[in-house]
There are 2 protein chains.
Amino acid sequence: MMQQHKKRDKSKKRATILDGAIDVFIRMGYELASMDKIAETAGVSKRTVYNHFGSKENLFQVIVDDFLAQRQELKTIAYDPEKSMEEQLLAFAYAEIFLINTPRRLGLSRFLTMTFLKDIDYARETVAKYPPSYGMFIEWLKEAENDGLIRSENLLVTARVFYSLVEGAITWPALFTDDVTQLHFEPMLDEIIATFMARYGSK
Amino acid sequence: MMQQHKKRDKSKKRATILDGAIDVFIRMGYELASMDKIAETAGVSKRTVYNHFGSKENLFQVIVDDFLAQRQELKTIAYDPEKSMEEQLLAFAYAEIFLINTPRRLGLSRFLTMTFLKDIDYARETVAKYPPSYGMFIEWLKEAENDGLIRSENLLVTARVFYSLVEGAITWPALFTDDVTQLHFEPMLDEIIATFMARYGSK
DNA sequence: TCTTAATTATACTATACAGTGTAATTAAAT
DNA sequence: ATTTAATTACACTGTATAGTATAATTAAGA
């Protein structure tokens with residue numbers, strides 16, 4: 001103890017390395033992303049990468065956890081009786097769209113999807129560290145149902161239908177698109193929400 | 001010429017190698033699937049693998065083309081005024097489900113999805129060799145609309161909604177499931193079709 | 001049975017990459 | 001200005017893999 005003398009701020013270098021690593025992972029995929037290439041892209045020596053992250057696998061893990069934590073934040077949306085159904089459903093959809101509507105976030109989503117597909121046991125364990133994905137939306141549905149705005153015999157099924165529409169029409173197609181800036185989601189979004197309300201809206 | 005004397009049947013060995021290769025690709029992914037491992041799994045010498053397929057990349061390409069050709073066959077469904085809407089929509093859905101309802105086909109679908117995500121330019125070129133994916137369904141929609149059973153302002157959008165529901169609720173969740181034999185698609189399928197008809201069915 | 005196409009076993013080349021060791025250098029905090 | 005935590009440059013180890021070369025072996029077709 002008594003020796004808090006020196007202790008420099010490593011967070012900047014750490015962020016630089018993460019930036020470069022994400023860049024290389026997006027461009028080359030996990031296997032072909034070499035630690036040499038990551039160091040070079042980050043403008044940092046390879047030794048520094050290892051000093052900060054220990055191993056390639058751990059570096060990857062940090063990126064995954066950061067992404068999933070941010071994703072969880074986005075999903076936090078509360079029911080608001082002042083707003084229209086359509087407006088609020090759009091908000092849930094935009095939480096998904098945010099993850100893919102810049103080239104960088106789209107690349108990261110694509111990369112993580114790949115790695116999750118490569119090892120689905122790992123994927124399940126990792127995702128399990130966060131709250132259930134439909135949780136927030138089901139809570140919202142409950143309140144909308146109490147207000148008589150939604151009719152549903154099974155809220156989980158209803159939530160799955162909603163996310164099927166959003167992911168099937170927006171997220172997955174985007175993952176296979178190279179230039180996401182050219183995509184215009186709005187027409188499809190309106191159609192999705194109209195479809196959802198045709199089935200579950202009361203009146 | 002005049003020497004069709006010897007010429008043995010290589011198709012059996014070829015199929016054996018493809019089987020083993022698919023197995024290893026599914027288990028390890030493209031990068032980690034070594035040609036030694038593929039040869040060993042197929043029960044064949046590595047030299048024979050190279051004699052048949054020339055390179056790892058070409059071996060992979062053959063597997064992709066085989067899969068996509070089979071996929072195209074499945075989608076060939078004609079409108080039948082004798083059958084109910086629900087029954088025919090189910091047929092389109094089952095063409096998708098067929099690709100994922102055994103562990104082997106699911107593994108192959110997952111593997112191909114991964115490789116397509118890794119190089120979406122390659123994916124686009126490869127998929128472009130086959131007819132447009134919604135083509136068959138749009139033809140079907142036209143006839144159903146002419147019979148007054150479907151109302152749609154834009155058949156392409158309607159087709160996209162249908163496939164969003166099927167892929168979002170069935171295909172993609174299955175890709176992240178390890179034991180597909182435990183999945184029961186029927187309840188979700190019924191809900192999907194009810195949702196589609198709530199939006200696009202006329203009365 | 002004979003011919004030879006196909007296959008095998010084995011050794012080999014060239015290359016790439018994860019991770020380590022270390023001495024020298026840099027720069028932040030006091 | 002001094003201290004020393006952090007970083008760098010660079011050489012190095014061990015391992016893995018795509019693809020090739022070749023001589024010996026196998027087995028199908030005539």
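A, B, ... follow the sequence lines: proteins, then strands. Residue 1 opens every chain. All figures in this text were calculated on a predicted structure; none of them were measured in a lab.
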Asker: Taking A/Thr177 for the side chain and A/Asp179 for the main chain, is one N or O donor matched with an acceptor at less than 3.5 Å?
Answerer: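 Pair absent, no side-chain N/O of A/Thr177 close to backbone of A/Asp179.
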Asker: If you measure only the distance, is there a donor-acceptor pair under 3.5 Å linking the side chains of B/Tyr30 and B/Glu57?
Answerer: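 The criterion, which ignores hydrogens and geometry beyond distance, is not satisfied for B/Glu57 and B/Tyr30.
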Asker: Which residues pass the ring pair (Phe, Tyr, Trp, His ring centres under 6.0 Å) test with A/Tyr94, not counting sequence neighbours?
Answerer: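 Applying ring pair (Phe, Tyr, Trp, His ring centres under 6.0 Å) to A/Tyr94 gives none.
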Asker: Using a strict cut-off of less than 4.0 Å between a Lys/Arg side-chain nitrogen and an Asp/Glu carboxylate oxygen, indicate whether A/Glu31 and A/Lys118 qualify as a salt bridge.
Answerer: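 Yes, this pair counts.
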Asker: In whole angstrom, what separates A/Ile17's CD1 from D/dA6's P?
Answerer: 13 Å
Asker: Distance check: side-chain N/O of B/Ser45 vs OP1/OP2 of C/dA9, anything under 4.0 Å?
Answerer: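 Result: no.
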Asker: Any luck finding a side-chain donor-acceptor pair between A/Asp9 and A/Ser11 under 3.5 Å?
Answerer: yes
Asker: Look at the side chain of B/Arg8 and the base of C/dA6, then say whether one donor and one acceptor between them are separated by less than 3.5 Å.
Answerer: no
Asker: So what does A/Asp9 touch, heavy atoms closer than 4.0 Å: a base, only the sugar-phosphate, or nothing?
Answerer: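 The residue A/Asp9 makes no contact with any strand.
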Asker: Would you please confirm or rule out a distance under 4.0 Å between OP1 or OP2 of D/dT7 and any side-chain N or O of A/His52?
Answerer: yes
Asker: Less than 4.0 angstrom between a side-chain N/O of A/Lys13 and OP1 or OP2 of D/dT8, yes or no?
Answerer: yes
Asker: So does B/Val44 get a backbone contact from the side chain of B/Thr48, meaning a donor-acceptor N/O pair under 3.5 Å?
Answerer: no
Asker: So if I define the base as every atom that isn't primed, P, OP1 or OP2, how would nucleotides 14-21 of chain D read as a B/S/- string at a heavy-atom cutoff under 4.0 Å?
Answerer: ---SSBBB
